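Structure first, then comments.
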Amino acid sequence: MSRNQDITSTVNLPVDCIYEIIQYVVHDVKTLYSCVVLNQDFFQVVARVLWKNPFKYIKQDETKKALIFRTYFSCLDDQEKEQVTTFFNSVFDFPKPFINYPSFLQEFEIFNIQTSMRSFLYQYYSATTTENKINSIVHILNSFMEKLFFNAQSNFKYVSVDLNDEKNQIDMSSFDDRILCHILSNINKFTFGFGFKFDVKIMEILKFIQENATKLTEIISDYNKNINHVRLTFTKKEFKQQKLKKLNPKFNDLLDILNSFIISLDNLKSLEIPCFVKNENFAKKHSHSLTHLKLHEIRNFNIIVSILDHCLNLETIELVNFHCNKNTDITELDKPINSKFKNLKNFHITISYFSVLTLFKRIIIMSDYDLKTLYYDKYIIHSNVNKFTKSIWPFCTNITHLFIRIFQNDLCTIVSFLKSLYYLVFLKLDWDNYLGTDQIVDLAHSFSSSLQILEILEIDSSMMIEILGDLFRNMQCHLREIGIRMDSSINDDILEIIIAYARRKNSLIVFRYLNIPSYRYYYPQVSRRILEEAKSLFTIDDNPEPFKRSFIEPIF
């Protein structure tokens, strides 16, 4: 074979090899799209990856949502399409594709299907469309969703039923029992969420939610007791209104259904729920299997310590949204925790009351010195905060990922704390706007040489340029990634500070920023010359993931 023949010959890789290759770029959507056009084998593999859950690649892009649903809509039979296309002003051609894209879906989320459906309809309906007209078509389309997504070929790993949107929800309680059993018996993750406004149809909506909750949870309890991951999402704060007293018995019946469902399962590994439970029975049931616990909307402080005391094998604890009123018994959080969290690696907590700070300290002390990620978001200024920070140092020496909110009066303590973190890789910082030059310099000197990623949140100060200049000039670490969330626009002065750091350290790969319009300060936009200079040194990402996102990899 000649050299030219050797170069131009096609190498056909087995599908299994292609799949392994794709796993290295599975989160890089641009590369995935490039791989689609390589050849037929790559197309078959990559199409399945992209359509496993196409919505996770598009964020909130309404146009792309419409395109995804257009593809699904095209998979319907012609007579089914005609029932909808008759509402369009113009004739549109939606040829049926050669590939059955709905069969690739492995993560079914009602909310995404519903919103993409509406985006599609708004795009193709007349310019004078109304919400009522759209609702009438959604009602027709919903009847086709069962056939399209729920059939004998369906192979979902995750089902999310979010009934927060009251308009034309898909009623899964009316689906064929045999098909539902087939699908729900194979999933490994399940989300059930709901919410509704107060109007004359409130009882009707609550009945609809309860019917869906009953049907879905009973099937999972009967046919899939070993499901590993469950999330429930709702809030009860609206139900304090006196005029809705008659609603509470029905609402409590719904909570009992969900609570019984959790207890019925046998091998739950992760659980994310509002803290609606009245006893620790679910924690007792899953004390050995549960490794990830997220509690939010915490109003019942009586139960928190008891729940934690039964969860001996937790690797991740997330406690967010504590709510306290004059009737809340905060003394419950002063009770000692008897469990030793020997496996705890990740701890995320939002501290809005001093009593919660006490709970935070106790969990840290029982963590057995092996904590890796700590998201320590505090909203309180208290004279004892410094003492708490000092008391947790010995138990946090192995932390690699840290979020911390700094106030001026505890900066010295935080600086000493940061100096003790020799393995810190990722630091998210939030501070108040009263830090002086000397304090900023001390903060910069506290960063460990191991630090690779720095994110700075919510800077809102007329001294912003000076603050950032002092910070980056005095840092000794070699950062690979920098992120800044501004309360005003990124400008030449700020970008030049990052450019100077990048030239000095020769380590920066990515600079991320999020602009938030500000009415307090005005800064000119970045000039083309400075932007091009920056792009020659590092990648710029002006549409990053939310900066307040937890370090903990989301299960759902």
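Heavy atoms only: backbone and side chains are in, while hydrogens, waters and symmetry mates are out. On a predicted model such as this, the values are computed, not experimentally measured, just so you know.
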Is it true that [X] and [Y] have a side-chain N and a carboxylate O under 4.0 angstrom from each other?
{"X": "Arg512", "Y": "Glu481", "value": "yes"}
{"X": "Lys390", "Y": "Asp410", "value": "no"}
{"X": "Lys428", "Y": "Asp430", "value": "no"}

Under the salt bridge (Lys or Arg N to Asp or Glu O under 4.0 Å) rule, what do Asp266 and Lys225 come out as? Steps first, then yes or no, please. CA-CA 5 Å; Asp266 287 339; Lys225 282 183 178 293; 5.1 Å; no

Could you tell me whether [X] and [Y] have their ring centroids closer than 6.0 angstrom?
{"X": "Phe192", "Y": "Phe234", "result": "no"}
{"X": "Tyr158", "Y": "Phe108", "result": "no"}
{"X": "Phe55", "Y": "Tyr57", "result": "no"}
{"X": "Phe301", "Y": "Phe322", "result": "yes"}

Evaluation steps, ring pair (Phe, Tyr, Trp, His ring centres under 6.0 Å), between Phe347 and Tyr375: CA-CA 6 Å; Phe347 186 24; Tyr375 195 99; over 10 Å; no

Does Phe111 CZ have over 12 foreign heavy atoms under 6.0 Å away?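 Counting other residues, nucleotides and ligands, CZ of Phe111 stays at 12 neighbours or fewer.
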
Is it the case that over 12 heavy atoms from other parts of the model lie below 6.0 angstrom from the NZ atom of Lys340?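 More than 12 within 6.0 Å, yes.
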
Is the NZ or CZ atom of Lys548 positioned over Phe403's six-membered ring, under 6.0 angstrom from the centre and within 45° of the axis?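 Relative to the ring axis of Phe403, which defines the angle, Lys548 lies outside at least one limit.
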
Please determine, by modelled atom types, if [X] and [Y] share a side-chain donor-acceptor pair under 3.5 angstrom.
{"X": "Ser160", "Y": "Glu109", "answer": "no"}
{"X": "His323", "Y": "Glu297", "answer": "yes"}
{"X": "His348", "Y": "Ser550", "answer": "yes"}
{"X": "His292", "Y": "Glu318", "answer": "yes"}

Quick one, Asp377 with Thr350, criterion side-chain hydrogen bond (donor to acceptor under 3.5 Å, both in side chains). Give me CA distance, side-chain angles, the key distance, then yes/no. CA-CA 5 Å; Asp377 195 3; Thr350 302; 4.6 Å; no

Derivation and outcome, salt bridge (Lys or Arg N to Asp or Glu O under 4.0 Å), residues Glu62 and Lys65: CA-CA 5 Å; Glu62 297 299 322; Lys65 282 184 180 181; 3.7 Å; yes

Which pair of non-hydrogen atoms, one from Leu265 and one from Phe261, has the smallest distance, and what is that distance?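 Of all heavy-atom pairs spanning Leu265 and Phe261, the closest is CG-O, 3.4 Å.
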
At what distance, to the nearest 0.5 angstrom, does CG of Leu268 lie from NE2 of His229?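 It comes to 8.5 Å.
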
Apply side-chain hydrogen bond (donor to acceptor under 3.5 Å, both in side chains) to residues Thr291 and Glu315 and explain how you reach the verdict. CA-CA 5 Å; Thr291 60; Glu315 296 175 9; 4.9 Å; no

